[in-house]
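Reading through the structure tokens given below for one structure.
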Amino acid sequence: MQDRKVNPYIIALTVMLPTFMVLMDTSIVTVALSYMAGPLSVTTDDATWTLTVYLAASGIILPITGFLGNKFGRKNYFLISIIGFTVSSFLCGIAPTLDLLLLFRAIQGFAGGGLQPISQAILMESFPLEKRAQAMSIFSIGVIFAPILGPVIGGWIVDSYSWRWMFLINVPFGILATIMTLMFIFDPPYAKANKTLKLDYAALSFIAIGIGALQVMLDRGQEDDWFNSNFIVILALLSFFFISMFLIKNYFSDKPIIRMSLLKDRNYAIATLAMFFWDFCFLLH
């Protein structure tokens, strides 16, 4: 539980707000690719890189979220992520060229990728054991409805205003989430910054390249005819090599970035495997 007494339902609202914002942003852009292409003087295919870059950056940061939270402190990392996502959303909204838009989308992905797991960690510790199922039910409202509302809101925005407002709309919500985090979120002693943690730059490089290549491969595969494309083949080889190198380096590290030993817990392993198959089936659909 947190050091200071704060109504857990206020905490639930606080952590749900940035998660809702990030998940909605992930789906809202899909409806505006053709609207973005014209003003930026690019093709619709070029505009799809705004999705690919964001997903790749988000995929890179997600596995190391726990380590970063321990390194910098959970609240600090949560706050930095919200601010980073908000600022990069504003920059995306005013980006004059596709190249700058892709850069800001990458920053947005790096900032937003870790918000959901950190939100869940804060939420679960803010409620007593007997009310955690209720807490997750509340949290699931944002998780479920954000991807549903994203295309609807995105379509309304691009029809009524401009594609730029798909990003600018995040700014007031991000400011509100920042204020609420400063007011209501406090780290327990074990979640404060641990400055003694050493960052394994080699392992970090391996997982960044491996996950990034894998995400781009999965996102671009259908458009590039999968393994009939040399580009996709190269990405597949890169992802296999660097993810394998990371697993080896991480296994023998005294301070692993990802604690694979957690998979020894049967319930955790089964839940992780179930989520993998659920996401895989969702992707195929």
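Please read these numbers as outputs of a predicted model, since none were measured by experiment. Side chains are part of it too, since the values below use all heavy atoms of this structure and drop only hydrogens, waters and symmetry mates. Note that the numbering runs from 1 along the sequence shown for the chain.
Between Met166 and Ile153, every side-chain heavy-atom pair lies at or beyond the 4.5 Å cut-off. Counting only heavy atoms from C-beta outward, the side chains of Phe20 and Leu149 approach each other to under 4.5 Å. Considering only heavy atoms from C-beta on, Ile94 comes within 4.5 Å of Leu91 through its side chain. When side chains are defined from C-beta on, Gln108 counts as touching Asn170, because their heavy atoms get closer than 4.5 Å. Looking at heavy atoms from C-beta onward, Arg74 lies in side-chain contact with Glu125 at the 4.5 angstrom threshold. A 4.5 Å side-chain heavy-atom check between Trp163 and Ile157 finds every atom pair outside the cut-off. Proximity of Ser162 to Trp165: side-chain heavy atoms (C-beta onward) are separated by under 4.5 Å at one or more points. Using a 4.5 Å heavy-atom threshold, the side chains of Gln116 and Val22 count as separate.
Taking CG of Leu102 as the reference point, atom CG of Leu98 lies at 4.0 Å (rounded to 0.5 Å). For the atom pair Ile122 CD1 and Ile11 CD1, the distance stands at 8.5 Å (nearest 0.5 Å). Separating the OG atom in Ser239 from the CD1 atom in Ile234 is a distance of 12.0 Å, to the nearest 0.5 Å. Note: Ile209 CD1 to Leu214 CG = 13.5 Å, rounded to the nearest 0.5 Å. Rounding to the nearest 0.5 Å gives a distance of 8.0 Å between CD1 of Ile179 and CG of Leu182. Distance CG/Leu68 to CG/Asn76: 12.5 Å, rounded to 0.5 Å.
With hydrophobic clusters built from ILVMFWY side chains whose heavy atoms lie under 4.5 angstrom apart, Val233 shares a cluster with Ile211. Linking Ile, Leu, Val, Met, Phe, Trp and Tyr residues whenever their side-chain heavy atoms come within less than 4.5 Å leaves Ile80 and Phe173 in two separate clusters. A single hydrophobic cluster is not seen to contain both Phe252 and Phe241; linkage of ILVMFWY side chains at heavy-atom distances under 4.5 Å, directly or through other members, places them apart. Phe240 and Trp226 are members of different hydrophobic clusters when ILVMFWY side chains are connected at heavy-atom separations under 4.5 Å. One hydrophobic cluster, built from ILVMFWY side chains closer than 4.5 Å, holds both Val87 and Ile175.
At distances below 3.5 Å, not a single donor-acceptor pair connects side-chain atoms of Asn250 with backbone N or O atoms of Phe246. Of the possible polar contacts, none joining the Arg105 side chain to the Val53 backbone as a donor-acceptor pair under 3.5 Å is found. Remark: the backbone N or O of Asp46 is paired with a side-chain donor or acceptor of Thr43 at under 3.5 angstrom. A distance-only check finds a donor-acceptor pair linking the side chain of Ser119 to the backbone of Val15 [under 3.5 Å]. The closest donor-acceptor contact from the side chain of Thr65 to the backbone of Leu62 lies under 3.5 Å.
Judged by the 6.0 Å distance and 45° axis criteria, Lys71 is not positioned over the aromatic ring of Tyr77.
For Ile185 against Lys75, the heavy-atom pair with the smallest separation is O-NZ, 2.8 Å. Closest of all the heavy-atom pairs between Phe167 and Gly93 is CB-N, 3.8 Å. Heavy atoms only, all atoms of each residue included: Pro96 and Arg164 are closest at CA-NH2, 4.4 Å. Contact detail for Val216 and Ala56: the closest heavy-atom pair is CG2-CB, 4.1 Å. Heavy-atom minimum distance, Ser126 versus Pro8: O-CB, 3.4 Å. Closest of all the heavy-atom pairs between Ser88 and Ile107 is CB-CG2, 3.9 Å.
Relative ring orientation between Trp156 and Tyr161 is described as perpendicular, the plane-to-plane angle rising above 60° on a 0-90° scale split at 30° and 60°.
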>> As a quick check of understanding, evaluate side-chain contact (heavy atoms from CB on, under 4.5 Å) for Ile243 and Phe206, giving each step before the final call.
In response: CA-CA 6 Å; Ile243 290 176; Phe206 291 153; over 6 Å; no
> Can Ile248 and Tyr251 be said to form a side-chain contact (heavy atoms from CB on, under 4.5 Å), step by step?
Replying inline: CA-CA 5 Å; Ile248 295 171; Tyr251 180 80; 5.9 Å; no
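Residues Tyr54 and Asp25 have side chains that never bring a donor and an acceptor to within less than 3.5 angstrom of each other.
Residue Asp159 qualifies as enclosed at atom CG: its count of foreign heavy atoms under 6.0 Å is above 12.
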